[in-house]
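Remarks on the structure that follows.
The basis for the numbers below is simple: all heavy atoms, side chains too, and nothing from hydrogens, waters or symmetry mates. A, B, ... follow the sequence lines: proteins, then strands. Residue 1 opens every chain.
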There are 2 protein chains.
Amino acid sequence: MTDQPCSTCPLGRFCLPNDLDPAELPALDAVAHRRLRLKKGALVYRVGDPVMAIYAVRLGTLKSHVATEDGRSQIVGFHLQGEILGMDSVFGPFHLSSATALEDTQLCVLPVSALRAALPRLPSLRRQLVLALAQEAQHDRVMMTTIGLMTAEERLVAFLLGLSKRLSARGFAANEFVLRMSREEIGSYLGLKLETISRLLSRLAEAGMIAVHHRRIRLLQPDALRSIHRRSRSVPALEPTDRCTAPGSGPAPAILDTLATP
Amino acid sequence: MTDQPCSTCPLGRFCLPNDLDPAELPALDAVAHRRLRLKKGALVYRVGDPVMAIYAVRLGTLKSHVATEDGRSQIVGFHLQGEILGMDSVFGPFHLSSATALEDTQLCVLPVSALRAALPRLPSLRRQLVLALAQEAQHDRVMMTTIGLMTAEERLVAFLLGLSKRLSARGFAANEFVLRMSREEIGSYLGLKLETISRLLSRLAEAGMIAVHHRRIRLLQPDALRSIHRRSRSVPALEPTDRCTAPGSGPAPAILDTLATP
DNA sequence: CGGGAAGTTGAATATCATCAACGGTAGTGG
DNA sequence: CCACTACCGTTGATGATATTCAACTTCCCG
């Protein structure tokens, strides 16, 4: 039940086809032909499930999350349109996090079996996937220092600016957007409590830097926000992962090229 | 100036040669022939340096660290004997963290140029390096939830148990060891202050769970420590990266095999 | 519409950070 | 080899930041 092949998908450069060798597009169509439709709140997979496939977000937003034995939980990532989902387990055959749709969502399914069969002849696609894996790693590195080094306000500002950047890279407005997640989910992602998020949003609004109406956010003074962010940012500046910010740009990847291009 | 080739290195299974196709050992010897001797406190590389090589720790201990524009800093990893260093930058040709020796240290140098030339004919070595990269990613994921979800005491206990496990995997005593890092460095790694580390060590000692003499630590009640750790641990249990805990064991890596074995 | 979830705000509290003083150890150089 | 000093570590008192508990409001969803 193919809806629309990757070769003509409007997401195009925001997703796997970006930077892909055009000759490999038909093969990608074949691998990723299946679609998955999820209602808000539906689970894609949960901790411990065997890794049957990886997924590309066609429409909607999702969260990845983990839990502790005594019931605490943390969100380890949000996934927007065009992003790759399901590569949380690098070693074992089981997922190490769960994934849940934050709204009605459509995913493109790339079965592991199909990938295993097709990838040897698709060096460019394999490179894209290794890139996604590496970007997820970089995201975790950034979040680790975000939570370890920044104050609550700095974390929230970093979150808002990061979201703004990812959304604008996808063609949405940079300074006005709707949060797909609750205050509690933002807090869980940033190592804070929901009340703290609520208070901080009010405080930033009171200071005139943002406007908050429910989940609609407007960045009124992006520069003021950036200056809060800048002082707490690691040097050189790193952003949470966004695989679409710089399509095909930048100098040649060093380690990645060495490892991923046989 | 070759000291000792990897093929006869006593580290053996604790380092790159572990699980390596024996046929590739001579090639590894050729790539990793250079040694680097560092005095305590010496920098291996710093943020922004071009990635000239990756390194294997032959002897000693090091830390990886990042800094913010306003002077805060965080340690993002400690590196023991047999571990791989320098793969912090996956994309760009520049290091994203700095590396400093915590004591007099010897490193084996694997120049990127030599790797680039040799790896296409060394699939098994390439797999080892991708594995190291993935384990670093997993480490960051675990630390992100460690800092985001755990109390100060739980973080410190997790640190001590993790260190114990890594050391015992290398043939050292599991319940008695010497910290190579200061209280401040432990705190920086865990998102805490040095005074907090000091107080917590005293508290754990008072409770009879550990004995502390300067930097010598004895785990007196490992089970009590583990029960503190267990309740805050994510399920399924993840440990901070240790590439030597399970040599050649476990089921076939899923995503990793698919991506790294062409 | 009605009910439940999500969000806001206030007050009290806990945890960890900061400031400060002191003791000990190890490393240095005479 | 010993003495000096600088760094490391400990502990106490105080304070800031974020959490917890709680009451109330608003908004969606059914």
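For B:R166 and B:E83, the salt-bridge test passes: some basic side-chain N is under 4.0 Å from an acidic carboxylate O.
If you check every strand for non-hydrogen atoms under 4.0 Å, A:G187 touches nothing.
Under 3.5 Å, the side chains of B:Q74 and A:T145 contain no donor-acceptor pair of N or O atoms. Counting only N and O atoms by type, the side chains of B:S64 and B:H79 include a donor and acceptor under 3.5 Å apart. When only modelled atom types and interatomic distance are considered, A:H65 and A:T100 share a side-chain donor-acceptor pair under 3.5 Å.
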Any chance you could lay out the salt bridge (charged side-chain N to carboxylate O under 4.0 Å, His left out) test for B:D223 and B:R226, step after step, and finish with the verdict?
CA-CA 5 Å; B:D223 287 338; B:R226 270 188 281 272; 3.1 Å; yes
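As rounded to whole Å, 24 Å separates atom P of D:dA16 from atom CE of A:M150. Atom CG in A:L192 sits roughly 11 Å away from atom P in D:dT20 (whole-Å rounding). Protein atom CZ of A:R216 is 16 Å distant from nucleotide atom C1' of D:dC28, rounded to whole Å.
Other residues, nucleotides and ligands contribute at most 12 non-hydrogen atoms within 6.0 Å of the CD atom of A:E184.
Interface limits on DNA chain C: the 5'-most and 3'-most nucleotides within less than 4.0 Å of chain B heavy atoms are C:dC16 to C:dT25.
Going from atom CG of A:L156 over to atom NE2 of A:H229 covers 11.5 Å, rounded to the nearest 0.5 Å.
Listed by chain and number, the residues in a ring-ring contact (aromatic ring centres under 6.0 Å, His included) with A:Y45 are A:H95 (sequence neighbours excluded).
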Polar pairs (N or O, both sides) under 3.5 Å between protein and nucleotides 7-11 of chain D?
from	atom 1	to	atom 2	distance (Å)
D:dG9	OP1	B:R215	NE	3.0
D:dG9	OP1	B:R215	NH2	3.4
D:dG9	OP2	B:R183	N	3.0
D:dT10	OP1	B:R183	NH2	3.2
D:dT10	OP2	B:R183	NE	2.8
D:dT10	OP2	B:S198	OG	2.6
D:dT10	O5'	B:S198	OG	3.1
D:dT11	OP2	B:S202	OG	2.6

